[in-house]
2 protein chains.
Amino acid sequence: MPEPAVADPATGLLPEPARDELRLEHVLSALSDPLRLSIVQAYLRDAGGEERACGWFKIDRPKSTRTHHWKVLRESGVVRQRQVGLERRNTVREADLDARFPGLLDLVRAWRPAD
Amino acid sequence: MPEPAVADPATGLLPEPARDELRLEHVLSALSDPLRLSIVQAYLRDAGGEERACGWFKIDRPKSTRTHHWKVLRESGVVRQRQVGLERRNTVREADLDARFPGLLDLVRAWRPAD
DNA sequence: CCGCTAGTACGAGTTGCATCGTACTACGGT
DNA sequence: ACCGTAGTACGATGCAACTCGTACTAGCGG
């Protein structure tokens with residue numbers, strides 16, 4: 001059922017799990033990848049709560065790889081994606097994650113990459 | 001280098017990452033498996049801080065599968081394993097995890113399995 | 001209308017992980 | 001000495017995930 005992943009015509013929101021559908025194991029799995037961890041951290045630290053398109057995060061990978069990681073983040077419920085014209089604008093679902101998994105995002109904020 | 005994984009002759013401790021070597025991404029990866037999540041939760045809830053052998057956790061899987069999961073938990077730093085005669089006694093490394101990733105174990109305690 | 005741009009979709013290659021069977025080792029008891 | 005027990009080690013299988021190239025689509029500007 002998660003086929004072409006079409007945005008809601010009214011809000012532009014792409015399909016995502018509701019707050020009470022969030023699964024800790026899925027969120028942890030999404031965050032267990034260092035690249036995605038750095039993406040989420042960048043949103044938390046540098047986006048100032050504003051929506052940022054995928055291209056805002058600087059990363060030396062082909063576009064298809066980027067699409068993949070943002071999709072994993074959205075389907076696990078970590079980020080929300082809203083289609084606006086050409087771009088998909090992203091935000092971390094801080095309220096939902098804080099409600100369901102308090103403290104988790106603080107760990108992401110404090111994370112330091114290995115290298 | 002992580003070969004037969006021999007226990008320290010003095011303490012019985014099996015090799016594990018030091019507190020400052022713990023990596024958030026590895027810990028999250030270890031905890032992103034529902035089976036391991038339920039294992040860690042059982043230790044936190046029902047072990048009363050005591051050491052428990054692998055066989056203490058009731059699970060309908062062959063022994064080799066069990067060994068695998070406890071190894072993942074140890075190598076990521078979530079549990080400590082101490083060889084005592086025949087058994088390997090396990091504890092969750094609460095102090096280390098609370099120091100490095102405060103709040104994380106609370107999420108595990110509060111977790112509810114999907115089914 | 002043409003081209004640029006942001007991004008998706010699809011498919012392939014590769015790697016890693018979960019699962020499990022089998023064989024094995026080491027300790028403890030009788 | 002024998003056997004049961006607790007667990008590891010190894011190897012195979014199957015599946016899911018990461019990576020990426022290529023082709024494609026939808027807006028927007030001129």
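In what follows, every chain begins at residue 1, and chains take the letters A, B, ... in the order their sequences are listed.
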Original post:
About how many Å separate CD of A/Gln41 and CG of A/Leu37, when rounded to the nearest 0.5 Å?
Top reply: 7.0 Å
Subject >> Atom CZ of B/Arg112 with >12 non-hydrogen neighbours under 6.0 angstrom >> reply: no
Original post:
For the side chain of A/Cys54, counting heavy atoms from C-beta on, which of D/dA6, C/dG7, D/dC18 is nearest?
Top reply: C/dG7
Original post:
What is the distance, rounded to the nearest whole Å, between atom CG of A/Leu35 and atom P of D/dC18?
Top reply: 10 Å
Subject >> Rounded distance in Å - CG (A/Asn90) to P (C/dA6) >> reply: 15 Å
**OP:** Kindly work out whether a path of hydrophobic side-chain contacts (I/L/V/M/F/W/Y, heavy atoms less than 4.5 Å apart) joins B/Val27 to B/Val72.
**Re:** no
Subject >> A/Ser32 OG to B/Asp33 CG distance, which is reported to the nearest 0.5 Å >> reply: 11.0 Å
Original post:
Can you tell me how far P of D/dG7 sits from CD of B/Glu51, to the nearest Å?
Top reply: 13 Å
Original post:
What integer distance in Å separates B/Arg89:CZ from D/dA6:P?
Top reply: 12 Å
**OP:** Provide, to the nearest angstrom, the distance between the NZ atom belonging to B/Lys71 and the C1' atom belonging to D/dA6.
**Re:** 17 Å
Subject >> B/S/- contact track for nucleotides 22-30 of chain C, protein heavy atom under 4.0 Å >> reply: ----BB---
Subject >> Spacing of A/Gln81 atom CD relative to C/dT8 atom C1', expressed in whole Å >> reply: 11 Å
Original post:
If you check the B/Pro62 side chain, which of C/dT8, C/dC20, C/dT19 turns out closest?
Top reply: C/dC20
Original post:
Roughly how far apart are B/Arg88 CZ and B/Cys54 SG, rounded to 0.5 Å?
Top reply: 7.5 Å
Original post:
OP1 or OP2 of C/dT8 less than 4.0 angstrom from a side-chain nitrogen or oxygen of A/Arg88, does that happen here?
Top reply: yes
Can you check nucleotides 14-17 of chain C for protein contacts, nitrogen or oxygen pairs under 3.5 Å, and list what you find?
none

Original post:
When hydrophobic residues are tied together by side-chain contacts of less than 4.5 Å, even through go-betweens, does B/Leu14 share a cluster with B/Leu97?
Top reply: no
Original post:
To the nearest angstrom, how far is B/Trp70 atom CH2 from D/dA6 atom C1'?
Top reply: 12 Å
Original post:
Is the shortest side-chain N/O distance from A/His69 to OP1 or OP2 of D/dA17 below 4.0 Å?
Top reply: no
Original post:
Cluster question for you: counting only ILVMFWY and a side-chain heavy-atom cut-off of under 4.5 Å, with indirect links fine, are A/Trp56 and A/Val78 together?
Top reply: yes
Subject >> Contact under 4.0 Å: A/Thr65 side-chain N or O vs D/dC20 OP1/OP2 >> reply: yes
**OP:** Using atom CD1 of B/Ile39 as one end and atom P of C/dT19 as the other, report the distance to the nearest whole Å.
**Re:** 9 Å
**OP:** Starting from the C-alpha separation in whole Å, work towards a yes-or-no answer on side-chain contact (heavy atoms from CB on, under 4.5 Å) for B/Arg93 and B/Glu16.
**Re:** CA-CA 11 Å; B/Arg93 294 174 61 181; B/Glu16 65 179 26; 3.6 Å; yes
Original post:
Which of these nucleotides, C/dT8, D/dC18, C/dC20, is closest to any side-chain atom of B/Arg61?
Top reply: C/dC20
Original post:
Below 4.5 Å, heavy atoms only, C-beta onward: do B/Glu50 and B/Arg52 meet side chain to side chain?
Top reply: yes
